[in-house]
There are 2 protein chains.
Amino acid sequence: MSRSTKSAASSKIDIRGVAARARVSIATVSRTINHVPTVDPALAKRVWKAVKELNYFPNTQARALVSGRSRLFGLIVSEITNPFFPELIQQFEAIAVQHGYEILLGSTSYDAAKTEQCVRRMLERKVDGVAVMTFGIEELLLNRFEEGDIPTVFIDLGPSTPHSRTISVDYQQGITEAIQHLAALGHRDIAFLSGPLRMHSAQARSDAFARAMQQAGLVTRPEWMLEGTHTLDGGRDAMQRMLKTRRWPTAIVCSNDVTAIGVQHALFDARLRVPEDFSLVGFDDIHLAEYTIPPLTTVRMASEDLAHAAIGTLLEMLGTAEAAAGTPVPTHLIVRQTTGSPRTNATAARATGRKSPVKH
Amino acid sequence: MSRSTKSAASSKIDIRGVAARARVSIATVSRTINHVPTVDPALAKRVWKAVKELNYFPNTQARALVSGRSRLFGLIVSEITNPFFPELIQQFEAIAVQHGYEILLGSTSYDAAKTEQCVRRMLERKVDGVAVMTFGIEELLLNRFEEGDIPTVFIDLGPSTPHSRTISVDYQQGITEAIQHLAALGHRDIAFLSGPLRMHSAQARSDAFARAMQQAGLVTRPEWMLEGTHTLDGGRDAMQRMLKTRRWPTAIVCSNDVTAIGVQHALFDARLRVPEDFSLVGFDDIHLAEYTIPPLTTVRMASEDLAHAAIGTLLEMLGTAEAAAGTPVPTHLIVRQTTGSPRTNATAARATGRKSPVKH
DNA sequence: GACGGTGCAGAAAACGTTTACGGAGAAGCC
DNA sequence: GGCTTCTCCGTAAACGTTTTCTGCACCGTC
């Protein structure tokens with residue numbers, strides 16, 4: 001209220017206004033605010049004073065138009081309502097801001113038209129680079145972004161071209177830990193509930209599961225390798241289907257945490273108990289995993305690591321940063337309360353729905 | 001791959017290129033793609049043909065620079081990791097896109113510096129309007145956005161000025177339903193766990209609770225009016241504090257769903273059961289509410305309605321749409337499984353931690 | 001047949017920056 | 001002291017659009 005003393009007619013403050021007030025040219029103003037070192041300290045001081053007094057800030061559009069850089073990173077994810085992605089977005093944004101970039105968000109919702117629109121928006125707004133964590137977008141990106149010469153990083157496992165890189169994740173480590181943990185508890189019949197297998201990261205988790213089972217000397221039964229959708233509903237539906245079959249596993253490993261929560265719900269509805277009747281392992285370790293009832297044992301993949309690697313790679317491709325070591329993002333098991341020893345006769349639970357005391 | 005036949009050197013297609021190929025002036029190209037009706041159909045056809053062939057799309061920045069409209073709406077929320085907001089964001093974006101706008105997202109994380117930065121970003125990118133659902137931002141917005149002449153809509157209960165409007169929500173309806181539901185089940189001792197009271201919407205929910213209690217002839221005890229943070233951790237912590245006090249309520253109404261999930265977790269940790277030992281009501285009806293164990297009784301406030309009203313108001317302020325009826329966004333109770341009759345002696349549960357059969 | 005009106009395309013001026021370029025002055029060298 | 005070299009500022013040309021304004025052609029009217 002008392003602040004806008006002389007900047008009352010301030011709706012139109014541009015670089016010219018600042019130049020006039022500081023009694024320098026607009027070029028000097030530009031150089032000053034862009035921290036070009038060759039400007040005389042005395043003039044710079046006058047410029048900053050004028051900037052402050054007039055409450056000036058540069059017009060991003062004009063700046064982008066002439067410099068060719070928008071200082072914008074695109075981030076394309078599958079679905080913003082899956083809690084893992086907001087956590088990733090938050091990290092991604094925080095790190096981007098540290099490097100002077102902002103983010104333009106796009107979610108595909110697993111829909112071809114929306115995906116197409118996403119890519120188009122990114123091109124129209126002239127993003128300087130784009131990070132992708134979804135599927136079904138590869139050919140679009142390669143056709144269009146390469147033409148536009150836009151660096152692309154896939155999280156994870158995308159095509160590798162001169163314009164695109166991949167952040168790899170060490171799925172094997174965490175999933176092997178999970179299988180070993182279950183095996184140590186006495187489980188032998190373990191099912192895997194994957195995400196949509198068209199999605200590279202879902203396929204990779206599925207493969208890691210199969211390998212870990214083999215290493216542990218356990219057999220994977222095909223009917224216990226289910227394809228889900230990485231959603232709450234998908235987890236619930238898949239579990240309900242499995243409950244209709246004759247033979248049940250004693251443990252279920254899920255490709256992400258929301259799928260596991262969906263499974264928990266299906267079991268609750270069927271009056272089955274976790275971990276007494278079924279042990280359950282998730283993947284991602286979203287913040288919510290700590291708050292499910294009971295708290296979810298899960299494989300942690302730090303969204304911060306992902307975001308860090310993605311932006312580092314992007315900056316490197318833009319020539320702004322040195323090549324960072326391309327070590328895969330690590331994963332590891334977090335044991336909470338959805339895993340326990342299997343019942344000696346698992347199918348007994350089916351009819352009774354009895355409770356056993358909550359472990360602690 | 002086969003598509004880019006002659007657009008190989010296509011990285012630099014601008015309006016001039018299209019004009020040359022269609023043998024018209026750039027003004028005609030501009031008019032055509034902006035659907036100005038005074039262009040000759042024959043020429044328009046040639047232009048569209050050239051656009052297709054060259055895979056042309058306009059440069060958003062140049063367009064915004066000269067036209068003064070960025071076709072961008074800002075959306076400022078508290079915290080993207082609270083699942084309610086992604087749902088809102090998704091709806092908001094979908095509706096914005098329908099009207100030819102995109103959204104620029106900002107989250108304040110309840111932090112003054114981040115809030116300041118948010119506002120600045122919105123101004124720099126020259127958003128055409130901004131919708132706000134957080135707190136502590138009002139004076140910033142009024143000082144800065146009014147200068148920039150940017151329409152602002154608060155969801156809900158913000159200051160009312162020539163430049164800003166408010167989307168109101170009928171909190172009373174849903175919360176009254178909740179209290180009546182609990183009273184009918186036999187509850188008299190009902191606590192309220194609010195969000196941060198600096199936030200208007202949190203304060204409004206708290207007020208609605210007090211009024212509903214009074215209408216139902218129940219007394220609200222001050223020590224049962226707790227202030228939370230609208231987060232998982234906040235809900236858990238508040239409940240843990242309450243469990244240390246001497247006298248417990250039999251039911252708890254929470255100001256949002258994640259708070260309720262936090263409460264559920266605290267009760268689980270303390271070996272107390274929902275709804276046997278405590279009935280629990282949330283607010284928002286996020287998708288996840290259906291998946292908690294047991295599924296959460298909650299007051300539904302449709303994020304779609306909020307988004308719809310916010311964008312409608314924004315368009316109206318921009319003169320693009322007619323004044324829509326300003327009816328408050330409705331709320332209503334969704335009964336699931338976290339509410340039931342209170343035990344005759346609630347404190348009995350404290351020591352035993354016994355189970356009773358799950359209701360259905 | 002001259003004249004005013006109308007319809008529609010093109011020329012050119014913005015929009016607010018960055019940056020290549022030229023030039024003025026100071027400083028260094030012989 | 002004159003020459004070159006170096007600093008650092010200002011002028012002006014971009015960047016890719018939209019939009020105003022001008023002008024041409026065509027039409028109907030008297």
Side-chain angles (χ1 to χ4, degrees), chain A residues 10-48 50-51 54-72 100 123-128 148-149, chain B residues 10-48 50-51 54-72 100 120 123-128 147-149:
Chain A
S10 67
S11 44
K12 292 254 160 213
I13 301 284
D14 64 356
I15 200 173
R16 261 179 288 269
V18 177
R21 178 172 259 262
R23 286 165 296 137
V24 296
S25 72
I26 60 169
T28 299
V29 176
S30 174
R31 279 190 281 256
T32 305
I33 63 180
N34 288 313
H35 301 103
V36 173
T38 69
V39 51
D40 181 52
L43 292 198
K45 201 173 164 192
R46 288 221 304 272
V47 169
W48 284 120
V51 166
L54 297 175
N55 224 326
Y56 166 78
F57 50 90
N59 180 321
T60 320
Q61 288 142 355
R63 185 181 272 208
L65 181 59
V66 54
S67 72
R69 291 169 308 146
S70 62
R71 308 243 94 189
L72 218 48
L123 290 166
E124 282 179 349
R125 298 265 172 205
K126 293 268 185 294
V127 294
D128 290 345
D149 211 23
Chain B
S10 67
S11 44
K12 291 254 162 215
I13 300 285
D14 64 355
I15 200 172
R16 262 180 287 270
V18 177
R21 178 172 260 260
R23 285 166 297 137
V24 295
S25 71
I26 60 169
T28 300
V29 175
S30 175
R31 280 190 280 255
T32 304
I33 63 181
N34 287 314
H35 301 102
V36 173
T38 68
V39 49
D40 181 55
L43 292 198
K45 201 173 162 192
R46 288 222 303 273
V47 169
W48 284 120
V51 165
L54 297 174
N55 225 325
Y56 166 78
F57 50 91
N59 180 323
T60 321
Q61 287 142 354
R63 187 182 272 211
L65 181 59
V66 55
S67 72
R69 290 168 307 147
S70 62
R71 311 244 89 186
L72 219 48
R120 194 191 174 87
L123 289 166
E124 283 179 350
R125 299 263 173 206
K126 293 266 184 293
V127 294
D128 290 343
E147 283 183 11
D149 209 24

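From a predicted model like this one, the values you see are computed outputs, not experimental measurements. Each chain gets a letter, A, B and so on, in the order its sequence line appears, and its residues count up from 1. Worth knowing before you read on, the calculation uses all heavy atoms, side chains too, and leaves out hydrogens, waters and symmetry mates.
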Note to self: Applying side-chain contact (heavy atoms from CB on, under 4.5 Å) to B/Arg125 and A/Leu72, what does each step give before you reach the verdict?
What the structure shows: CA-CA 11 Å; B/Arg125 299 263 173 206; A/Leu72 218 48; 3.5 Å; yes
Next item on the list: Could you tell me whether the side chain of B/Thr28 and the main chain of B/Val24 form a donor-acceptor pair under 3.5 Å?
Entry: no
Checklist line | B/Lys126 NZ - D/dT17 P separation (whole Å) | finding: 20 Å
Next item on the list: Report yes if at least one side-chain N or O of A/Asn59 is closer than 4.0 Å to OP1 or OP2 of C/dC15; otherwise report no.
Entry: no
Note to self: Without decimals, in angstroms, what is the distance between A/Gln61 CD and C/dT18 P?
What the structure shows: 13 Å
Notebook entry, point to check: Given atom CZ of A/Arg69 and atom P of D/dA14, what is their separation to the nearest angstrom?
Noted result: 20 Å
Check: Hey, does the side chain of A/Asp128 reach the backbone of A/Arg69 with a donor-acceptor pair shorter than 3.5 angstrom?
Finding: no
Next item on the list: State whether the side chain of A/Asn34 and the backbone N or O of A/Val36 hold a donor-acceptor pair below 3.5 Å, judged by distance alone.
Entry: no
Notebook entry, point to check: Distance-only, no hydrogens or angles: does the A/Arg46 side chain make a donor-acceptor pair with backbone N or O of A/Ala22 under 3.5 Å?
Noted result: yes
Check: For the side chain of A/Leu65, counting heavy atoms from C-beta on, which of C/dT18, D/dC15, C/dT17 is nearest?
Finding: D/dC15
Next item on the list: For the pair B/Ser67 (side chain) and B/Arg63 (backbone), establish whether a donor and an acceptor sit closer than 3.5 Å, ignoring hydrogens and angles.
Entry: yes
Notebook entry, point to check: Hey, is the side chain of B/Tyr56 poking within less than 4.0 Å of OP1 or OP2 on D/dG16, counting only N and O atoms?
Noted result: no
Check: Which atom pair, heavy atoms only, marks the closest approach of A/Ile33 to A/Trp48?
Finding: CA-CH2, 3.8 Å
So which protein nitrogen or oxygen atoms get under 3.5 Å of nucleotides 23-25 of chain D's nitrogens or oxygens?
none

Within the sub-3.5 Å range, which N or O atoms of nucleotides 9-12 of chain C have a protein N or O partner, and how far apart are they?
from: C/dA9; atom 1: OP1; to: B/Asp40; atom 2: N; distance (Å): 3.0
from: C/dA9; atom 1: OP2; to: B/Thr38; atom 2: O; distance (Å): 3.2
from: C/dG10; atom 1: OP2; to: B/Ser25; atom 2: N; distance (Å): 3.0
from: C/dG10; atom 1: OP2; to: B/Ser25; atom 2: OG; distance (Å): 3.2
from: C/dG10; atom 1: OP2; to: B/Thr28; atom 2: OG1; distance (Å): 2.9
from: C/dG10; atom 1: N7; to: B/Arg31; atom 2: NH2; distance (Å): 2.8
from: C/dG10; atom 1: O6; to: B/Arg31; atom 2: NH1; distance (Å): 3.3

Checklist line | Check: B/Thr60 side chain, A/Glu124 main-chain N or O, donor-acceptor pair, under 3.5 Å | finding: yes
Note to self: Under a 3.5 Å distance rule, please check whether B/Ser70 uses its side chain to pair with a backbone N or O of B/Lys126 as donor and acceptor.
What the structure shows: yes
Checklist line | Interatomic distance, A/Arg63 CZ vs D/dT17 P [rounded to whole Å] | finding: 21 Å
Note to self: Distance check needed: C/dC15 P versus A/Asp14 CG, whole Å only.
What the structure shows: 9 Å
